[in-house]
Amino acid sequence: MSNYHIKHLEEYYQVYRKSVRAPKQFWEEIAEEHFLWHKKWDNVLSWDFKKPEVKWFEGAKLNITVNCIDRHLVTKANKTALLFEPNDPNSEAQHITYQQLHDSVCQFANVLKAKGITKGDRVCIYLPMIPELAIATLACARIGAIHSVVFAGFSATALATRINDSDCKMVITSDGAYRGAKTIDLKGIVDDALENCAGVATVLVAKHINTDIAMVSGRDEWLQPLLDAAATTCAPEIMDAEDPLFILYTSGSTGMPKGMVHTTGGYMVYTAYTFKNVFQYKEDDVYWCTADIGWITGHSYIVYGPLANGATTLMFEGVPSYPDFGRFWQIVEKHKVNQFYTAPTAIRALAKEGLELVEQYDLSSLKVLGSVGEPINEEAWHWYNDNIGKKQSPIVDTWWQTETGGIMITPIPFATPTKPTYATLPFPGIQPALMDDKGVELKENQVSGRLCIKFPWPSMARTIWGNHQRYKDTYFSAFENTYFTGDGALRDEVGYYRITGRVDDVIIVSGHNLGTAPIEDAINEHPAVAESAIVGFPHDIKGNALYGYVILKDVGESRNQDNLRKEINQIITEHVGPIAKLDKIQFTSGLPKTRSGKIMRRILRKIACNDTANLGDTSTLLNPEVVEAIMANAI
């Protein structure tokens, strides 16, 4: 029996049992049968969660781009690898074949080498969703450079922080980006960021929106002429399975974003295997994930997972609302999309707009629908199931994280019976556990607790760049010898999992993990602000929105509250990015604190959610009277 393509529930259980009883043999078989290795491993797995240290396919040698591109050239040279759909619906879509992708990646890799980039160097990529973004990541992987893609919606300050943390030598950007009807000056943001980044020697600029931009002599170069002059062959750098492939930053609950390090061999095996099964990809299917490559979803399920399977993967530059809210469905019809993977926040926004925008398009090509980024609420699930899938296309409600590298808990289409709001069952090889507050595992069904994983899987992040202690403290200190996800979950009577949300100070807004600390730090930079606290509250479209409680230094300042609110959101936009702006800002004279000075966010959350019937015991607070005042003025 092949473990590689699971088609039935009975087969899932067989494969799952095998994967947890003999995990090393299980992953060895998959790695051996479905990938090209320059040299085979000496040892499948060694691990110690106490250190924590995990190594998969130790001693193996490979290059991931050989598995994503070169090996397909024998049979699929003329098959579309990347299908690029531009922002403007009247522009021509671009079909990039596996052969063309190979040549472009080699040219880009040769440009990187000519600019002094070598194995192990870090390269920051700050590009819109254009083919150059996928090609740049693969070009880095081709020569063993470590890519650090930063979502092109982040501010100059956030970009500089990420460049400096991983000491990038080069930035790859474009003259600008289209976003619906707007253009964004990406190069200007890069220029601002680089005022504080001494380590960057080179900036390569893709011409995309054709605006006049400033080019810094000796540092900035247009990308296209360099590509045109470069050879279309580039020998792949032979990498160790445990060599870093990329760094991707994710918000932490304290200050600095965490640079999660993903390595080469295990990440390749796991993303390819999950892609094949979660989306039931078949030859000649057209697969579309609407995420941005700036997030882990784009890394794993636009670039590496699909290409390792020789798939056609669609990249969309635009937004779901431009030129109208029917754009997604227009693209599905145009390219006869078979698998469609998007976020609940997009589904909720589209559901609000009326069915005539759906019904004018033929969605009969769809076979599998996916959801990612946060748990999907029941109303959105039914709308998606009824109107997009026509009750024929199963919804895979996938739970995973930047840190996990690939999908961890998910239905297998046509095998797992789906249940609204439930991620359902663990993927083969994944051993989840629910823990109570004392660290005791809850083994029965119909329980809720903290979601942990007991055994390593191939695509897990190996460390936080430059800060292994933080990696240990964040993920391996809450529960002994176990990876703690930071999420709460419940398990129902049949063993299905439902994710109940973060248990720390990270709020998921429109599928983006936002740490409260960096936002509070930004607000506190405002000269009029003494202190602030951020919590999330339910939002129809975003899932959660942000509510800020702000104490002013001078109470008289609050006379001009509207201007202050605008200024606070402007500071957040500059320091973190527009995705972190607050929907509600309440000025208050104080915040509820424990006697040790800790802000009681639980109470602030209840007030923000208008759930004040049971605030719990407030008598232990240092200043219980402040709660009444906040409630009286809640927005």
Side-chain angles (χ1 to χ4, degrees), residues 3-4 15-16 18-68 119-120 141 144 146 236-248 260-278 296 299-301 303-305 308-309 400-408 426-432 452-465 468 471-472 475-476 481-483 485:
N3 291 328
Y4 202 66
V15 171
Y16 184 77
K18 187 176 171 183
S19 77
V20 296
R21 281 182 192 149
K24 290 185 187 182
Q25 293 91 310
F26 175 79
W27 289 113
E28 180 164 44
E29 198 178 298
I30 284 168
E32 210 161 18
E33 286 180 21
H34 301 283
F35 303 93
L36 288 182
W37 302 88
H38 190 75
K39 170 188 172 286
K40 211 186 139 180
W41 45 91
D42 306 314
N43 180 36
V44 180
L45 169 68
S46 62
W47 66 291
D48 180 351
F49 276 177
K50 291 190 175 69
K51 287 184 176 168
E53 194 176 272
V54 175
K55 290 178 177 166
W56 281 95
F57 310 116
E58 262 181 294
K61 305 288 181 191
L62 74 153
N63 185 288
I64 197 168
T65 68
V66 170
N67 283 277
C68 288
K119 179 178 176 178
I146 301 168
E237 184 74 31
I238 302 305
M239 306 295 284
D240 188 271
E242 280 299 321
D243 279 339
L245 173 64
F246 64 86
I247 300 165
L248 186 59
M260 305 313 302
V261 177
H262 282 285
T263 57
T264 305
Y267 175 82
M268 173 184 77
V269 169
Y270 194 81
T271 53
Y273 182 52
T274 45
F275 172 78
K276 178 73 177 168
N277 284 291
V278 175
I296 189 68
H299 280 58
S300 299
Y301 299 112
V303 182
Y304 290 110
N309 281 283
W400 59 298
Q401 305 172 304
T402 304
E403 296 88 338
T404 71
I407 292 165
M408 303 285 280
F427 193 78
I430 303 307
Q431 300 186 31
C452 296
I453 314 289
K454 294 192 285 192
F455 194 87
W457 61 100
S459 67
M460 67 189 296
R462 302 300 195 256
T463 189
I464 290 171
W465 183 263
H468 194 68
Y471 176 69
K472 181 178 180 176
Y475 303 105
F476 296 92
N481 222 21
T482 305
Y483 169 85
T485 66

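Any value given below was found using the heavy atoms of this structure, including those in side chains, with hydrogens, waters and symmetry copies removed. Source: prediction; values computed, not measured.
No side-chain donor-acceptor contact under 3.5 Å links N43 to the backbone of E58. In this structure, the side chain of T463 does not engage the main chain of W465 through any donor-acceptor pair within 3.5 Å. Remark: the backbone N or O of F26 is not paired with any side-chain donor or acceptor of S19 at under 3.5 angstrom. A donor-acceptor pair under 3.5 Å links the side-chain atoms of N309 to the main chain of A272, judged by distance alone. A side-chain donor-acceptor contact under 3.5 Å links N277 to the backbone of Y4. With hydrogens and angles ignored, the 3.5 Å screen pairs no side-chain donor or acceptor of D240 with any backbone N or O of K61. A donor-acceptor pair is defined here as one N or O able to donate and one able to accept, closer than 3.5 Å; no such pair exists between the side chain of D42 and the backbone of A60. Checked by atom type and distance alone, the side chain of Q401 pairs as donor or acceptor with a backbone atom of T485 at under 3.5 Å.
Ionic pairing of K18 and E29 is present here: one or more N-O contacts between side-chain nitrogen and carboxylate oxygen are shorter than 4.0 angstrom. With respect to the salt-bridge test (charged N to carboxylate O, under 4.0 angstrom), the residues K40 and E32 qualify.
At a threshold of 4.5 Å between non-hydrogen side-chain atoms, the residues F455 and P23 count as touching. Counting heavy atoms from C-beta on, the side chains of T274 and Y301 come closer than 4.5 Å. Counting heavy atoms from C-beta outward, S459 and M268 have side chains that stay 4.5 Å or more apart. Using a 4.5 Å cut-off on side-chain heavy atoms (C-beta onward), C452 and Y483 make no contact.
To the nearest 0.5 Å, the span separating OG1 on T264 from CD on E242 amounts to 8.0 Å. Annotation: the span from E237 atom CD to I64 atom CD1 amounts to 14.5 Å, rounded to 0.5 Å. One distance of note links CH2 of W27 with CG of L45; it measures 11.5 Å at 0.5 Å rounding. Distance check, rounded to the nearest 0.5 Å: CD1 of I146 to CG of L245 gives 9.0 Å.
Residues M460 and F49 share a closest heavy-atom pair of CE-CE2, 3.9 Å. Residues R462 and Y471 share a closest heavy-atom pair of O-CE2, 3.1 Å. Looking at every heavy atom in both residues, V66 comes nearest to P236 through CG2-CG, 3.6 Å.
By the side-chain hydrogen bond (donor to acceptor under 3.5 Å, both in side chains) test, K55 is found to be paired with no residue, residues two or more places apart in sequence or in another chain being considered. Not counting sequence neighbours, the partners of S300 by the side-chain contact (heavy atoms from CB on, under 4.5 Å) test are Y267, T271, I296, W400.
Proximity of the aromatic rings of Y270 and W56 is defined here by a centroid distance below 6.0 angstrom, and this criterion is not met. Taking the six-membered ring for Trp and the full ring otherwise, W457 and Y273 have centroids separated by 6.0 Å or more.
Relative orientation of the H262 and F246 rings is tilted, given thresholds of 30° and 60° on the angle between their planes.
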